[in-house]
Chemist: 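One structure, as structure tokens, below. Some questions next.
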Amino acid sequence: MGFFSKVLNITFLSTFIFYSLKINAKENSNVVNILMNKPEIEDNEYLDLYNSLINDYIINQKDIFPNLSKYKLKFSYFQLNTYDDKLSIIDKYQLLNSPYSIDKDYGLYLKGILSELKNSTYDMLILDDQLLYSDVSYINNYIIETEYNFRSLEDYLSRFDNFKLDSSMLQHHNQQFINNDYTKETGILTSSPNRNNTIDSSIGLALSNNNVLINHFVEFVGSQYGIPEGKDPGYYNKFFTNNPENLYETFRNKVLAETDSNINKTLSTTVEEEFLSFIRKEKNSFKGKASYYYYLQKNIKDPIVMSPLPKDISVLTTKYLTINKKSKKEIGDLVLMAIELTSKEMQLFRAKEFGCIPTNRNNKNVYFNATTTTNNNNNNNDNENDNNDNNDNDNNNNFINNNNNFNDNNTFMMNTELLDIMKTLKPIDIKKFFYKDEFSANYMEIRLILPSVLRKSLEENNHTLIIYAFNNFMEIKENTFYLKNPPLLFSIFIVFTMTVILSLVMVKIYCNRRHPVLIPISPTLTNLVILGIILNIAFPCFNVVIKDYFLCRMYLVLKFLIQNLIFLPILTMAFRIFYIFNNSRVVDGRKLNDKRLLIFIAIVVIILFFFTLIISLTDQLYLKTTGTLLEDRIYWCNFDDCNNYSIFTNVYYGIIVSNFFAFLMAFGSYMIGSLCSVYILVGSKLLYIRKHPDQDNDTNNINNLNIADFVPSNIEELKKGKSPKSSKEGHRSNKHGSKVRLFSQTATNTTTTYTSDIDSITDNPNNYFFNQTLEKMSHNDGQSSSATDFYQYSRF
């Protein structure tokens, strides 16, 4: 019984867990998670209230929000302390002794956002344009991209233009880009006229917040010198060449005046602390965002006066609702939901309940079109940059001139003072404010560095570092970098020296091109190889002339062709040798002379040029810079993503090398075969002579016999039966009339006469030369025994 009860309990528990997981999975599938930044000022229950009111509004307006009503929205704050606080980019700056410091909070924020974009925890993210488009630039920052392991933030976001949508659904949104406007933010000054003069007259500036610090500086520069229009070098020279100390000194004096000379306290005061000081009537004025008006109304009963910033100039920040590519939800549903979340009705609801500034002006237009474009780096050029700048200026002007339509308080649910401020506002797009030309740093890099140098300038009244920083942000200093780098100068000197030496070698070869020693190696082709080596050594020095993506692409193509000036002549020389030694017919030298080979090389190089250029156009390449990691900004071409080009060159060089080795192997095989033939013919004899040097002149050695001695010299006489003249001694006639050779064996002091046994040899006239040779051997002193032995050996 106990066993069955245990089985039932386990079964029940398993079933309960299974259905619980299933229900949770179903609930999670119906929840859309949205990540947003935590406001600087908020109530403790603000986030819960925000989630509750928006979801209730969607449920009550199902007809307006048919897609949102299928899901439950869950907004969450980005929590900086939930991520690893170690930044490798800080270590790199410290390792290379960079004079600049990284804003750690912003660095961790960027790291956290990228982390969320690389997983599916959040389906949507609300990002402001100061981050979203901050990485857009003509020259990419190599350090930021490698340390954070990303190329562009947009790579992780879904594009709206991939979906076919009804144009009426996009009438309040920018139809060209990947994000929908969610809300906007601008700066204002607030004060209370009923407060007496005993209250602190300083402005509540929360400069501990680096975004506030940068915005305050940019707004000061804009009010002093105006908003830059297009490319105006004279305007930007004020930051680092045209008496820049005056700019930073004036800014510091302004901050001191606004804060009653207590600048250190201001640089450490948070937004919330300044806000509370204003609510508690400790200060008479407070500088903050327009959205703070919602909290001021809730916390202050006294009348509040809002006023624009000096000369109506303010940094305008646009927040976007973006869709995470990694989301497991249906992307099409998320797109429709994003459109509904940024619709006119939803924006008016948020304006009424939370004081958010809506992005739409009326039923058809967006009152400020923040159309920051992201150009393809491969097609960037000066004309495109000029067009983009003009478009942005047109958009800003359109906003200013058409704001007379801001007169419907029921539509915008905004205070009339705030409405008037928005009418006359002259917005600054901070991402473009520091854009001197296409070589300037992107705002992401500036945002990482600028707070630290601004603080140093304000705290220490030392403006040297900030001048250097802006010089780095806006100027390329390659020449200065080379002059400050002795190892680099030394390497350039070595390259120059090698170039001169090799050039002199080429001249020497040309002057002696008809010398018989040089003719076999083809002086013309040899000089072409040396020329390729010179260009290959010196070519990296031409990096300094690369100013755009076209030259960067041509650098890649020309580098490949220069390398071919080395390989192709060597390959043609190897082919010529191979052809000559492997052709059974007489080779016509005119077919393989230098002129014909040079024409062949030229044709191949031209074909390779166009083919390589076409292949390189299919690849992405980038201009990269180390940015502020070094004191001077430099840049170079980066070909890491040229996959098609890499495949082509690897296959091409593989064919070249394999053919070269094939020619060498064929030629080598021929030479080895020839050596083997010579060895078989005479090699063994020569080795014997080398091993027996004392027998070199030994005529008695059987190895010294000449086969010619055994061949009759007078064939006609032999045919007639005549015998050549015989020796006077050592012969006798037998009964047949033939002469028989007699031999003595001196070793035994006895004489042995061979008669009948040798008659058949000595009497044969064909053996005359053989007998002569034996006779010579027998007349050598002390060698008669050897001759007899040889003869005996020959008999048997």
Side-chain angles (χ1 to χ4, degrees), residues 37 39-42 128 130 183-195 197 199-224 227 250-300 302-317 355-357 414-415 417-422 424-430 433 450-451 454-455 457-458:
N37 291 333
E40 292 87 354
I41 302 173
E42 65 155 356
D128 61 58
Q130 294 189 14
T183 186
K184 293 185 181 293
E185 194 66 84
T186 186
I188 59 171
L189 281 173
T190 58
S191 61
S192 178
N194 294 336
R195 298 181 181 180
N197 296 329
I199 300 176
D200 187 356
S201 61
S202 64
I203 299 175
L205 288 175
L207 298 186
S208 68
N209 185 306
N210 287 330
N211 286 325
V212 175
L213 176 62
I214 295 176
N215 289 350
H216 194 59
F217 173 72
V218 169
E219 289 161 351
F220 162 76
V221 175
S223 65
Q224 289 289 111
I227 301 175
T250 304
F251 174 64
R252 185 173 187 275
N253 292 334
K254 181 178 184 297
V255 174
L256 288 172
E258 292 171 336
T259 59
D260 290 338
S261 302
N262 196 352
I263 194 170
N264 291 327
K265 181 180 178 181
T266 302
L267 289 173
S268 60
T269 304
T270 65
V271 174
E272 188 173 5
E273 289 172 346
E274 290 290 356
F275 181 76
L276 292 176
S277 296
F278 180 71
I279 291 177
R280 295 167 184 163
K281 301 182 180 181
E282 297 172 358
K283 288 190 176 182
N284 191 46
S285 59
F286 168 70
K287 179 182 178 181
K289 299 178 180 178
S291 59
Y292 295 168
Y293 180 74
Y294 168 78
Y295 298 98
L296 292 173
Q297 283 184 318
K298 292 179 59 176
N299 293 279
I300 298 179
D302 296 336
I304 301 172
V305 176
M306 288 189 297
S307 58
L309 300 181
K311 297 185 180 181
D312 299 322
I313 291 176
S314 174
V315 173
L316 185 70
T317 304
C356 300
I357 301 176
M414 296 195 318
N415 181 278
E417 293 177 340
L418 182 57
L419 204 58
D420 291 336
I421 292 174
M422 300 301 293
T424 59
L425 179 67
K426 297 176 183 177
I428 294 177
D429 185 353
I430 199 170
F433 187 81
L450 186 55
L454 265 176
R455 289 181 181 279
S457 174
L458 292 172

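None of these values were measured; they are calculated from a predicted model.
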Chemist: Quick one, Lys254 and Thr250 - any side-chain contact, counting heavy atoms below 4.5 Å?
Modeler: no

Chemist: Report yes if the side chains of Pro451 and Ile214 come closer than 4.5 Å at any heavy-atom pair, otherwise no.
Modeler: yes

Chemist: Kindly write out the residues that satisfy side chain to side chain donor-acceptor pair (under 3.5 Å) with Arg252, not counting sequence neighbours, or none if the list is empty.
Modeler: none

Chemist: Which residues pass the salt bridge (charged side-chain N to carboxylate O under 4.0 Å, His left out) test with Lys265, not counting sequence neighbours?
Modeler: none

Chemist: Using every non-hydrogen atom in the two residues, find where Glu40 and Lys289 come nearest and quote the distance to one decimal.
Modeler: OE2-NZ, 3.3 Å

Chemist: Quick one: which of Pro308, Pro310, Ser314 gives a side-chain contact (heavy atoms from CB on, under 4.5 Å) with Asp312?
Modeler: Pro308

Chemist: Can you list everything that forms a side-chain contact (heavy atoms from CB on, under 4.5 Å) with Ser268? Sequence neighbours excluded, please.
Modeler: none

Chemist: Looking at residues at least two apart in the chain, or sitting in another chain, which of them share a side-chain contact (heavy atoms from CB on, under 4.5 Å) with Asn215?
Modeler: Gln130, Glu219, Val315, Ile430

Chemist: Could you measure the distance from the CG atom of Leu207 to the OG1 atom of Thr270? Nearest 0.5 Å is fine.
Modeler: 11.5 Å

Chemist: Side chain to side chain donor-acceptor pair (under 3.5 Å) with Asp128: which residues, sequence neighbours excluded?
Modeler: none

Chemist: Among residues at least two apart in sequence or on other chains, which ones pass side-chain contact (heavy atoms from CB on, under 4.5 Å) with Val221?
Modeler: Phe217, Tyr225, Tyr235, Phe239, Leu247, Phe433

Chemist: If you round to the nearest 0.5 Å, how far is CZ of Arg455 from CG of Asn210?
Modeler: 4.5 Å

Chemist: Measure the acute angle between the ring planes of His216 and Phe251, then classify it against the limits of 30° and 60° as parallel, tilted or perpendicular.
Modeler: tilted

Chemist: Would you compute the distance between atom OG1 of Thr269 and atom CG of Leu205 and round it to the nearest 0.5 angstrom?
Modeler: 9.5 Å

Chemist: Side chains of Lys283 and Glu274, heavy atoms from C-beta outward: is any pair under 4.5 Å?
Modeler: yes

Chemist: Once side chain to side chain donor-acceptor pair (under 3.5 Å) is applied, do any residues pair with Ser223, and if so which ones, sequence neighbours excluded?
Modeler: none

Chemist: Got a sec, which residues hit side chain to side chain donor-acceptor pair (under 3.5 Å) with Asn264, two or more places apart in sequence or on another chain?
Modeler: none

Chemist: Any salt bridge between Glu258 and Lys287, counting N to O under 4.0 Å?
Modeler: no

Chemist: To the nearest 0.5 Å, tell me how far Ile428 CD1 sits from Thr317 OG1.
Modeler: 11.0 Å

